[in-house]
There are 2 protein chains.
Amino acid sequence: MSANSRLTIAAHTLAWIGLYQRQGHEVATSEQIAGSANTNPVVIRRLLGELRAAGLVESRRGVGAGWSLTRDLTAMTLLDVYDAIEPGPLFALHRADPDQGCVIGHGIQPALQDIYAGIECTVRTELSKTTLEAVLQSVLAVPR
Amino acid sequence: MSANSRLTIAAHTLAWIGLYQRQGHEVATSEQIAGSANTNPVVIRRLLGELRAAGLVESRRGVGAGWSLTRDLTAMTLLDVYDAIEPGPLFALHRADPDQGCVIGHGIQPALQDIYAGIECTVRTELSKTTLEAVLQSVLAVPR
DNA sequence: CTCTGTCGTAACAAGAATGGTTACTTCGAC
DNA sequence: GTCGAAGTAACCATTCTTGTTACGACAGAG
């Protein structure tokens with residue numbers, strides 16, 4: 001499906017900031033996070049920008065600038081993150097409208113829309129069950 | 001997420017063949033289906049090739065050739081179709097391995113893998129609940 | 001007021017996936 | 001042998017993601 005790693009990088013980022021703040025630091029920089037996630041700081045800043053638009057993080061500028069959480073990881077679910085960074089639906093309908101003169105072509109889109117909506121609803125429910133705090137705890141529970 | 005329309009086109013195709021066969025026809029051609037789905041016959045043949053590899057349809061060649069179902073729509077679910085045409089996972093992990101020297105970098109992949117596996121399992125269960133027969137009935141139930 | 005570190009953001013390129021199109025070969029019923 | 005359709009390779013346009021460079025904007029330190 002050409003899956004992307006945006007949710008993964010976002011979860012990584014939030015868990016990193018959360019842990020860093022618990023260690024007593026005020027803010028985290030995109031460069032630190034990029035080092036941990038093994039990517040480019042601009043990639044992190046772009047993602048964090050979307051998370052900020054959703055109200056999950058905030059940023060300071062100037063010297064000693066960086067990013068911080070707006071609320072605790074316990075009050076943040078993967079659904080919040082997903083909504084912040086994934087605009088589109090899971091499954092797309094036809095690129096070009098099907099032949100409306102054909103019985104199938106006419107009814108297929110409403111029929112599939114219903115089915116797809118049900119599946120997305122299930123996925124959203126599932127995502128909402130996992131808090132970022134749970135993610136962090138799972139991360140810390142990995143041996144070695 | 002850059003969602004594609006492969007599941008949509010595949011469902012359209014199977015519903016079309018199923019209905020056509022119920023109307024007494026032996027086989028359907030990629031050109032007929034492409035006309036209904038408003039796309040190119042080669043696109044349909046490519047998809048049908050994958051569905052054939054999964055055992056859902058079969059094809060005849062030569063004059064009067066075309067495609068037919070190997071079993072009734074009642075014995076075919078969206079999960080069968082999904083497995084036939086979507087190889088990859090729903091969510092990807094990091095492109096480049098995260099920093100294993102970092103606590104988060106080390107534990108994030110196993111942690112997310114578990115979570116993603118649970119979600120995919122849920123999606124698969126949901127897909128398996130819908131038969132292509134149900135899709136066809138929904139299509140036929142659309143007014144006008 | 002200047003210096004400096006970090007965000008904010010534009011711009012560009014590489015790579016991959018999807019979908020459309022053309023063209024040609026292969027098959028098999030007639 | 002003819003002919004209609006599958007099988008398939010090749011190519012292109014588009015889009016998305018990710019990585020990268022570059023530079024302006026900002027704010028605290030001194």
Side-chain angles (χ1 to χ4, degrees), chain A residues 1-10 12-13 17 20 25-53 57-68 82 85-98, chain B residues 1-10 12-13 17 20 25-53 57-69 85-98:
Chain A
M1 165 96 70
S2 90
N4 62 45
S5 61
R6 293 164 61 81
L7 187 61
T8 294
I9 302 296
H12 186 140
T13 297
I17 300 176
Y20 197 60
H25 302 90
E26 284 277 325
V27 297
T29 71
S30 59
E31 192 162 358
Q32 294 170 321
I33 302 166
S36 169
N38 193 10
T39 181
N40 193 288
V42 175
V43 173
I44 300 297
R45 288 206 290 268
R46 277 200 290 237
L47 256 180
L48 278 169
E50 297 178 56
L51 296 179
R52 180 183 47 205
V57 300
E58 59 193 6
S59 63
R60 279 191 221 160
R61 306 182 68 169
V63 174
W67 303 82
S68 52
Y82 181 80
I85 63 178
E86 294 287 0
L90 232 41
F91 304 110
L93 293 180
H94 306 65
R95 279 198 165 182
D97 275 350
Chain B
M1 166 95 71
S2 91
N4 62 46
S5 62
R6 294 165 60 82
L7 188 61
T8 294
I9 302 296
H12 187 140
T13 298
I17 300 177
Y20 197 60
H25 303 90
E26 284 276 326
V27 297
T29 71
S30 60
E31 194 163 355
Q32 294 170 320
I33 302 165
S36 169
N38 193 11
T39 180
N40 193 288
V42 174
V43 173
I44 301 295
R45 289 206 289 270
R46 278 200 288 235
L47 254 182
L48 278 169
E50 297 178 55
L51 296 179
R52 180 183 49 204
V57 299
E58 58 193 6
S59 63
R60 280 190 222 161
R61 305 184 66 169
V63 174
W67 302 81
S68 52
L69 304 178
I85 63 178
E86 294 288 359
L90 230 42
F91 303 109
L93 293 180
H94 307 65
R95 277 197 164 182
D97 276 350

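Residue numbers begin at 1 in each chain, while the letters A, B, ... track the order of the sequences.
Applying a 4.0 Å cut-off to non-hydrogen atoms, the residues of residues 32-49 of chain A that approach DNA chain C are A:Val42, A:Arg45, A:Arg46, listed by residue number. For DNA chain C, the neighbouring residues in residues 58-67 of chain B, judged by any heavy atom under 4.0 Å, are B:Arg61, B:Gly62, B:Val63.
Not counting sequence neighbours, B:Thr13 has no partner by the side-chain hydrogen bond (donor to acceptor under 3.5 Å, both in side chains) test.
Summarising the geometry of A:Pro41 relative to A:Ala34, their closest heavy-atom pair is N-CB, 3.6 Å, with the distance given to 0.1 Å. Between A:Ala65 and A:Gly62, the shortest heavy-atom distance links the atoms CB-O, 2.9 Å. The minimum heavy-atom distance linking A:Ala28 with A:Ile33 is given by the pair CB-CD1, 4.3 Å. Shortest non-hydrogen contact noted between B:Ala3 and A:Pro89 is CB-O, 3.2 Å.
The residue among B:Ala96 and B:Ser30 whose nearest nucleotide of DNA chain D is located toward the 5' end is B:Ser30. With the nearest nucleotide of DNA chain D identified for both B:Thr29 and A:Arg95, B:Thr29 has the one nearer the 5' end.
Straight-line distance from the CZ atom of A:Arg6 to the P atom of D:dT15: 17 Å, rounded to whole Å. Residue A:Phe91 contributes atom CZ, which lies 13 Å from atom P of C:dT18 at whole-angstrom precision. Between B:Glu31 atom CD and D:dG7 atom C1' the separation is 15 Å, expressed in whole Å. A:Glu50 has its CD atom 12 Å from the C1' atom of D:dT17, to the nearest Å. Rounded to whole Å, the distance from CD on B:Glu86 to P on C:dA17 is 12 Å.
Each end of the helix from C:dC1-D:dG30 to C:dC30-D:dG1 gets its own axis, taken as the rotation carrying the C1' atoms of four end pairs onto the next four within a five-pair window, and the two axes meet at 10° to the nearest 10 degrees.
Counting only heavy atoms from C-beta outward, the side chains of B:Glu58 and B:Leu69 never approach each other to under 4.5 Å. Here the side chains of B:Phe91 and A:Tyr82 are in contact, with some heavy-atom distance below 4.5 Å. A 4.5 Å side-chain heavy-atom check between B:Ile17 and B:Val27 finds every atom pair outside the cut-off.
Legend: salt bridge (charged side-chain N to carboxylate O under 4.0 Å, His left out) pairs involving residues 32-50 of chain B, not counting sequence neighbours, sorted by first then second residue: B:Arg6-B:Glu50. Among pairs with a residue in residues 25-41 of chain A, those fulfilling salt bridge (charged side-chain N to carboxylate O under 4.0 Å, His left out) read A:Glu26-A:Arg60, at least two apart in sequence or across chains.
B:Ser5 has no side-chain polar atom (N or O) that falls below the 4.0 Å cut-off from OP1 or OP2 of C:dT18.
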Checking side chain to side chain contact (heavy atoms under 4.5 Å, CB included) for the pair A:Asn38/B:His94: CA distance, chi angles, key distance, verdict?
CA-CA 8 Å; A:Asn38 193 10; B:His94 307 65; over 6 Å; no
